[in-house]
Asks: 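I have a structure here, written as structure tokens, and I will follow up with some questions on it.
Remember, it's a predicted structure, so these values are computed and weren't measured experimentally.
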Amino acid sequence: MRRADIISAALLIIFGLLVIFVVIPIWVPGHQAGNYGLRAQDAPYLTMIVATGLSAWFLVRRLFFDRDGDEKAPIPRESWKFLLIASMLLAVTLVMLETIGVLAGGPFIVAVFMIMMGERRPLAIGLTAVLAPLAVWAFFWKLLQFPLP
């Protein structure tokens, strides 16, 4: 388990640094006018700095102070495969929603995730896959007047 902790802490540090130095500066807008109050970047920066710092502390602790045995990870191989596939599907989801929109890409994505989670009833998959993205679109676009891709 020590090895898994070291690897996961290192990955979290890399992810945190990537978000701090690449994602937040590109995707989070700054002040448009004036120099007042908190900037939009302040909360994401604070969150990622704390998370990255705690990951670094955990890595140092596991490397130098906690030297207990390296027992097997508690998660079976099949779960790691599922996690990897779901992560890749989330990346594809982001691309689909940005390119073809919520109403076109949403039903496909919801249906695929339902099948991955074990749902096999076609009517339940079809209704949920159509109604869930439609409800999200209606809530954000029509009720809150917040445009979706």
Side-chain angles (χ1 to χ4, degrees), residues 1-59 61-62 71-149:
M1 185 86 161
R2 181 174 181 265
R3 189 177 87 196
D5 288 345
I6 291 170
I7 291 169
S8 61
L11 289 174
L12 285 172
I13 291 168
I14 292 168
F15 175 75
L17 292 174
L18 180 71
V19 170
I20 290 168
F21 293 110
V22 177
V23 175
I24 294 173
I26 292 173
W27 289 96
V28 180
H31 280 300
Q32 297 301 326
N35 191 13
Y36 54 89
L38 293 174
R39 298 175 305 155
Q41 298 103 331
D42 290 343
Y45 273 131
L46 178 64
T47 303
M48 289 311 301
I49 288 169
V50 168
T52 306
L54 289 173
S55 299
W57 175 65
F58 184 62
L59 177 66
R61 198 177 114 211
R62 289 303 273 164
E71 66 271 1
K72 200 170 188 177
I75 301 174
R77 184 178 297 271
E78 292 76 28
S79 296
W80 285 110
K81 287 180 191 175
F82 180 84
L83 185 62
L84 179 64
I85 291 169
S87 298
M88 290 188 302
L89 186 59
L90 286 174
V92 169
T93 298
L94 179 64
V95 172
M96 283 184 73
L97 293 180
E98 286 292 326
T99 56
I100 63 175
V102 172
L103 290 178
F108 171 76
I109 291 157
V110 170
V112 169
F113 270 115
M114 288 182 72
I115 292 167
M116 280 181 64
M117 296 305 293
E119 181 62 57
R120 296 293 180 252
R121 296 173 296 166
L123 183 61
I125 293 171
L127 284 175
T128 306
V130 171
L131 294 178
L134 190 61
V136 168
W137 174 81
F139 178 74
F140 283 102
W141 182 257
K142 293 298 179 187
L143 185 65
L144 298 179
Q145 300 293 316
F146 185 82
L148 294 174

Asks: What pair of heavy atoms forms the shortest contact from P25 to V19, and how long is it?
Replies: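 Distance-wise, the nearest heavy atoms are CD-O, 4.1 Å.
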
Asks: Can you see which heavy atom on G16 is nearest to which on M48, and at what distance?
Replies: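 For G16 and M48, the tightest heavy-atom pair comes out as CA-CE, 3.6 Å.
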
Asks: Of all heavy-atom pairs between A129 and V110, which one has the smallest distance, and what is that distance?
Replies: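 Heavy atoms only, the tightest pair is CA-CG1, 3.6 Å.
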
Asks: Which distance, rounded to the nearest 0.5 Å, do you find between the OG of S8 and the CD1 of I13?
Replies: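 Here the rounded value is 9.5 Å.
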
Asks: Of the non-hydrogen atoms in G106 and P133, which two are nearest, and what is the gap between them?
Replies: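 Shortest heavy-atom separation between G106 and P133 comes out as C-CG, 3.5 Å.
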
Asks: State the CG-CG distance between L94 and L89, to the nearest 0.5 angstrom.
Replies: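 One gets 11.5 Å once the value is rounded to the nearest 0.5 Å.
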
Asks: Do F82 and P76 have side chains that get closer than 4.5 Å, going by heavy atoms?
Replies: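 F82 vs P76: side chains apart.
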
Asks: When R3 is tested against each of I6, I7, D5 for side chain to side chain contact (heavy atoms under 4.5 Å, CB included), which residue passes?
Replies: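 In the set I6, I7, D5, the residue that makes a side chain to side chain contact (heavy atoms under 4.5 Å, CB included) with R3 is I7.
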
Asks: Nearest 0.5 Å, please: how far is CG in L17 from CD1 in I49?
Replies: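 One finds 10.0 Å between CD1 of I49 and CG of L17.
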
Asks: How close do I24 and Y45 get, heavy atom to heavy atom, and via which atoms?
Replies: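 For I24 versus Y45, the nearest heavy atoms are CG2-CZ, 3.5 Å.
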
Asks: Look up atom CG in L83 and atom CE in M88, then write down how far apart they are to the nearest 0.5 Å.
Replies: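 CE of M88 is found 10.5 Å from CG of L83.
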
Asks: Are the side chains of F113 and L90 in touch, meaning some heavy atoms are under 4.5 Å apart?
Replies: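 Answer yes - side chains close enough.
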
Asks: Got a second to check how far T52's OG1 is from L18's CG, nearest 0.5 Å?
Replies: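 If I round to the nearest 0.5 Å, the distance is 10.0 Å.
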
Asks: Can you measure from CZ (F108) to CG (L97) and round to the nearest 0.5 angstrom?
Replies: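 Result: 11.5 Å between the selected atoms.
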
Asks: Looking only at atom types and distance, does a side-chain atom of T128 sit under 3.5 Å from a main-chain N or O of I125, one as donor and one as acceptor?
Replies: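 Flag not set: sc T128 to bb I125 has no pair under 3.5 Å.
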
